[in-house]
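To start, the structure itself, in structure tokens.
Since this is a predicted model, take the numbers as computed values, not measurements. First the proteins, then the strands, lettered A, B, ... as listed; each starts at 1.
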There are 2 protein chains.
Amino acid sequence: MGKDQFRLSGFLPYRLAVLSERVSHRLSIEYGKIRGLSVAEWRVLVHLSRQGAISVKDIHDCVNLEKSRVSRAVSRLEAAGLVEKVPGETDGRLVEISLTVAGETALSDILPAARAYEDKLCARISRQDMDTFCRVMEQIHSVLDDDPEAKRRSRMDLQRPDIERRSAGSLPSGDPSL
Amino acid sequence: MGKDQFRLSGFLPYRLAVLSERVSHRLSIEYGKIRGLSVAEWRVLVHLSRQGAISVKDIHDCVNLEKSRVSRAVSRLEAAGLVEKVPGETDGRLVEISLTVAGETALSDILPAARAYEDKLCARISRQDMDTFCRVMEQIHSVLDDDPEAKRRSRMDLQRPDIERRSAGSLPSGDPSL
DNA sequence: TGACTTTCGTTGCAATCGCAACGATAAAAG
DNA sequence: CTTTTATCGTTGCGATTGCAACGAAAGTCA
């Protein structure tokens with residue numbers, strides 16, 4: 001009978017969703033303050049700040065956004081003058097996307113706010129706890145990586161976050177210790 | 001200069017969003033296998049399994065879903081015959097929502113799968129690491145709780161998850177013992 | 001009782017999303 | 001060179017979402 005009593009509040013996927021949604025929503029206010037940027041647009045902008053000219057596919061592969069979502073985000077950014085889209089040079093299919101000056105300006109307006117809010121979120125968390133937190137996230141990811149039914153995750157996110165100094169390792173290869 | 005080099009892959013809000021989205025998406029496949037349930041419908045069903053008859057507002061308050069989202073989810077569930085909606089008794093505004101037998105059946109089909117997948121996700125994570133993980137999530141939440149611009153979080157999620165036996169404590173407010 | 005305010009659930013609307021299909025281009029096969 | 005296959009970006013479509021506005025139904029206060 002009551003033995004079951006499934007607790008949504010204790011269900012990990014639910015908890016992740018609630019936290020993530022809350023953080024994203026709050027952060028989107030921060031973006032919106034500067035410009036009317038959506039999350040997708042923000043991700044595109046940030047990625048462009050690291051790579052010079054790049055294609056839709058590249059962005060799609062790197063920031064966990066659907067092809068069409070990237071395409072539309074880029075269109076909006078172009079309409080806003082923050083991004084420039086050139087019809088590809090060597091390959092006629094590709095589109096070369098790059099930041100305009102206005103785009104760089106907008107980015108430099110938003111980046112500090114984003115960083116600041118991240119810092120605020122983490123302020124009370126010890127270095128060690130954050131390391132553990134990231135390691136656990138990685139472990140959950142690795143389960144999904146092994147699950148053929150799960151969505152693949154982007155290339156960029158597989159590289160060592162290098163935020164956590166050492167640790168990091170510990171792949172399904174076997175190292176237990178638990 | 002290259003000094004800046006903002007790394008999206010290391011940005012906490014981004015990492016949370018990617019992980020959460022990935023988990024949710026994979027889990028929604030699990031729901032869909034049994035019935036064509038969306039996340040919202042799943043949350044409503046689960047919450048109903050704990051409370052008898054309840055209003056839209058109550059669900060809204062408890063499972064982090066917009067009022068309208070709950071309303072529509074309930075409508076779909078009603079159309080699917082998993083839920084019953086009675087026009088309130090003492091209070092004419094309220095609607096009393098309750099599980100039908102079919103709803104209970106569907107739930108008992110899905111719950112084991114959901115639990116199993118959660119277990120799979122956590123299988124390699126030590127008890128201690130999971131405690132830390134949950135504690136960090138709580139700390140992030142508490143920053144948002146103090147931020148007037150952030151969305152409020154639902155009542156239910158504030159209660160002690162009580163899944164982790166000891167630990168848990170260590171909140172900024174100081175109240176220990178639980 | 002009657003006028004004002006609040007609460008509850010639904011709905012209109014515009015915006016967004018994911019998915020699949022499409023045309024265009026390039027690469028591979030023959 | 002021609003045909004077939006694969007890749008890239010866009011778009012059409014249906015579905016979903018959040019937000020605000022709405023009407024209905026209490027609750028409040030004089």
Side-chain angles (χ1 to χ4, degrees), chain A residues 17-18 20-22 24-29 31-32 36-44 53-80 83-98 149-152 154, chain B residues 17-18 20-22 24-26 28-29 31-32 36-44 53-80 83-98 149-152:
Chain A
V18 170
S20 158
E21 194 182 309
R22 219 173 160 213
S24 285
H25 181 269
R26 177 58 184 82
L27 209 57
S28 78
I29 295 179
Y31 304 153
L37 289 185
S38 75
V39 173
E41 288 153 1
W42 150 261
R43 289 193 192 174
V44 170
I54 202 139
S55 71
V56 169
K57 177 71 156 49
D58 282 314
I59 302 178
H60 160 66
D61 282 340
C62 291
V63 299
N64 270 294
L65 290 175
E66 279 300 314
K67 237 185 355 175
S68 60
R69 227 175 138 190
V70 174
S71 176
R72 295 192 234 248
V74 168
S75 295
R76 283 182 298 233
L77 287 172
E78 189 189 23
V83 144
E84 204 180 17
K85 210 163 43 168
V86 176
E89 299 181 11
T90 78
D91 191 330
R93 297 168 298 181
L94 295 172
V95 177
E96 289 184 2
I97 303 160
S98 55
E149 299 208 65
K151 260 187 191 165
R152 298 302 88 194
S154 18
Chain B
V18 170
S20 159
E21 194 182 308
R22 217 171 163 215
S24 285
H25 182 268
R26 176 59 184 82
S28 79
I29 295 180
Y31 304 153
L37 290 185
S38 74
V39 172
E41 288 153 3
W42 150 261
R43 288 194 194 174
V44 170
I54 203 142
S55 71
V56 168
K57 176 70 157 47
D58 282 315
I59 302 177
H60 160 65
D61 282 340
C62 290
V63 299
N64 271 295
L65 290 175
E66 279 300 314
K67 237 183 357 172
S68 60
R69 224 173 140 193
V70 173
S71 176
R72 295 191 235 249
V74 168
S75 295
R76 282 182 300 234
L77 287 172
E78 188 189 23
V83 144
E84 205 180 15
K85 209 163 43 166
V86 177
E89 299 181 9
T90 77
D91 191 331
R93 297 168 299 180
L94 296 172
V95 178
E96 289 184 2
I97 303 162
S98 55
E149 299 207 64
K151 260 186 190 166
R152 298 302 88 194

pair [X]-[Y]: side-chain heavy atoms closer than 4.5 Å:
X       : Y       : value
B/Ser75 : B/Lys85 : yes
A/Asn64 : B/Glu21 : no
B/Cys62 : B/Arg43 : no

Item to complete: Please name all residues satisfying salt bridge (charged side-chain N to carboxylate O under 4.0 Å, His left out) with A/Arg72, sequence neighbours left out, ordered by chain then number.
Response: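 Result, salt bridge (charged side-chain N to carboxylate O under 4.0 Å, His left out) vs A/Arg72: none returned.
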Discussion item. Can you build the contact string for nucleotides 4-17 of chain D? Use B for base contact, S for sugar-phosphate-only contact, and - for no protein heavy atom under 4.0 Å.
Written reply: ---BSBBBB---SB
Fill in: Nucleotide C/dC8, atom P - distance to CD1 of B/Ile59 in whole Å
13 Å
Worksheet item: Got a sec, which residues hit side chain to side chain contact (heavy atoms under 4.5 Å, CB included) with B/Ala53, two or more places apart in sequence or on another chain?
Response: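 With sequence neighbours excluded, B/Ala53 shows a side chain to side chain contact (heavy atoms under 4.5 Å, CB included) to B/Glu96, B/Ser98, given in chain and number order.
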Item to complete: Mind checking B/Ser28 for me? I need base, sugar-phosphate or nothing, with any heavy atom below 4.0 Å counting as a touch.
Response: nothing
